[in-house]
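Notes follow the structure.
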Amino acid sequence: MPHFLNISSYSLPKRLYSAGELLLGGLLLALIGTVLPQLMAASANWWVTGLSYAFIATLVLIYWPYGTLGWANRVTLTRAVLVALLIGALVANAFVAAIWQWLSIAVIALMLDGIDGWIARRTKSHSRFGARFDMELDALLILLLCVGLWRLESLGLWVVLIGGMRYLFVAASWQFTWLSRPLFESFRRKAVCVWQVVALLLALTPLTSHLFAMLLAVSALISLTYSFGFDVWWLYRKRHH
């Protein structure tokens, strides 16, 4: 049995603490969704939002058996609530009628991305779980922006490749294990990540023309392809070391 499924080595009360916080996150989701009726326009939007959050919460409960989440992870959990709402609003294109609200939620989720890391550093509560939780939400949020742009501007499925490239990289690492080796710190990687988010947000605004939205998406895809290509080349060269 995988170690993360063996919960007998951890006391049940510790898991109950984190389960309680995850339930509070669910209440926050219901509260925010209630005041955003355009985004949660139908029962299908609520169902998808709820199931998305439940899936994330279940993973947190499995991988975090250490008691209370801590403030940094609580901020990340708030981001998870917002991401779940973004997912639900994509159903039946409900986000189109409330695009500014949808984008505002995405921007808030992105702003919280810097806060949880800052709290972790200030409180010296870094953890591999927290870093992974944060990273996976970042990747999912970018993918959702891509799906939103694909539906809003009808640019073609190639737009989704911007958000899907990271998942393709991970899938490839299952076959080519050298791809899973640690990468060096890179300003280039961070700059490309920031640009793809900015480009996607600008492309999604109603003030942006179809042509300019396409050019922004193309620039994000080209820069991301270069960044991933450089990393793959570097890892390939180091594969026997």
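When each of L155, V160, L161 is tested with L157 by the rule side chain to side chain contact (heavy atoms under 4.5 Å, CB included), just one qualifies, namely V160.
No side-chain heavy atom of Y53 sits less than 4.5 Å from a side-chain heavy atom of V83. Using a 4.5 Å cut-off on side-chain heavy atoms (C-beta onward), L69 and V60 make contact. Proximity of V147 to V159: side-chain heavy atoms (C-beta onward) are nowhere separated by under 4.5 Å. The shortest distance between side-chain heavy atoms of W71 and S125 does not fall below 4.5 Å. In this structure, the side chains of L86 and L82 stay at 4.5 Å or more apart for every pair of heavy atoms. In this structure, the side chains of R79 and D138 come closer than 4.5 Å at one or more pairs of heavy atoms. In this structure the side chain of M214 never reaches within 4.5 angstrom of the side chain of E153, judged on heavy atoms.
Cation-pi geometry between R15 and Y66 is not met at under 6.0 angstrom from the ring centre and within 45 degrees of the axis. Cation-pi check for R166 over F169 is not met; the charged atom does not lie both under 6.0 angstrom from the ring centroid and within 45 degrees of its normal. Relative to the ring axis of W178, R181 does not place its NZ or CZ within 45° and under 6.0 Å from the centre.
When all heavy atoms are compared, the tightest approach of I119 to A72 is CG2-N, 3.7 Å. Taking every heavy atom of both residues into account, A213 and A203 meet most closely at CB-O, 3.6 Å. Here the closest heavy-atom approach between residue L61 and residue S18 is recorded as CD1-OG, 3.6 Å. In terms of heavy-atom proximity, L141 sits nearest to A109 at CD2-CB, 4.1 Å. In terms of heavy-atom proximity, I56 sits nearest to A80 at CG2-CB, 4.0 Å. Across every non-hydrogen atom of G130 and N73, the tightest pair is CA-OD1, 3.5 Å.
Both I108 and L29 are assigned to one and the same hydrophobic cluster, defined by single-linkage of ILVMFWY side chains at heavy-atom distances under 4.5 Å. I142 and V170 fall into different hydrophobic clusters, defined by Ile, Leu, Val, Met, Phe, Trp and Tyr side-chain heavy atoms under 4.5 Å apart, directly or through other members. Taking hydrophobic clusters as Ile, Leu, Val, Met, Phe, Trp and Tyr residues chained together by side-chain heavy-atom distances below 4.5 Å, V75 shares a cluster with M111. At a threshold of 4.5 Å between side-chain heavy atoms, the hydrophobic network of Ile, Leu, Val, Met, Phe, Trp and Tyr places L24 and L137 in two separate groups. Placement of L77 and L23 in two distinct hydrophobic clusters is found when ILVMFWY residues are connected by side-chain heavy-atom separations under 4.5 Å, directly or transitively.
More than 12 heavy atoms of other residues, nucleotides or ligands lie within 6.0 Å of CH2 in W46, so this atom counts as buried by the packing criterion. Within 6.0 Å of the CZ atom in R151, the count of heavy atoms belonging to other residues, nucleotides or ligands exceeds 12. Dense packing is recorded around OH of Y167, with more than 12 heavy atoms of other residues, nucleotides or ligands lying under 6.0 Å away. No more than 12 heavy atoms of other residues, nucleotides or ligands sit less than 6.0 Å from atom CH2 of W47.
One finds the CG atom of L39 at 9.0 Å from the CD1 atom of I99 (value rounded to the nearest 0.5 Å). Note that CH2 of W102 and CG of L144 are 6.5 Å apart. Values are rounded to the nearest 0.5 Å. Atom CD of residue Q196 and atom CG of residue L216 lie 13.0 Å apart, to the nearest 0.5 angstrom. How far CZ of R188 is from OH of Y226: 6.0 Å, rounded to the nearest 0.5 Å. Annotation: the span from L183 atom CG to D231 atom CG amounts to 4.5 Å, rounded to 0.5 Å. The distance from the CE atom of M40 to the OG1 atom of T49 is 3.5 Å, given to the nearest 0.5 Å.
Checked by atom type and distance alone, the side chain of S52 pairs as donor or acceptor with a backbone atom of V48 at under 3.5 Å.
Using bins of under 30°, 30° to 60° and over 60° for the plane-to-plane angle, the ring pair F184/W234 lands in the perpendicular bin.
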For side-chain hydrogen bond (donor to acceptor under 3.5 Å, both in side chains), just list the numbers for S180 and W174, CA-CA rounded to whole Å, side-chain angles, deciding distance to a tenth of an Å, and then say yes or no. CA-CA 8 Å; S180 61; W174 297 340; over 6 Å; no

Walk me through whether L36 and I105 qualify under side-chain contact (heavy atoms from CB on, under 4.5 Å). CA-CA 11 Å; L36 297 173; I105 292 175; 3.5 Å; yes

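Between the side chains of T205 and T208, at least one donor-acceptor pair of N or O atoms lies under 3.5 Å. Side-chain atoms of T76 and D134 form no donor-acceptor pair, as typed in the model, at a separation below 3.5 Å.
A salt bridge does not link D116 to R74: none of the charged nitrogens lies less than 4.0 Å from a carboxylate oxygen.
You'll find the ring centres of W64 and F133 outside the 6.0 Å limit. Ring centers of W233 and F230: under 6.0 Å apart, within the cut-off.
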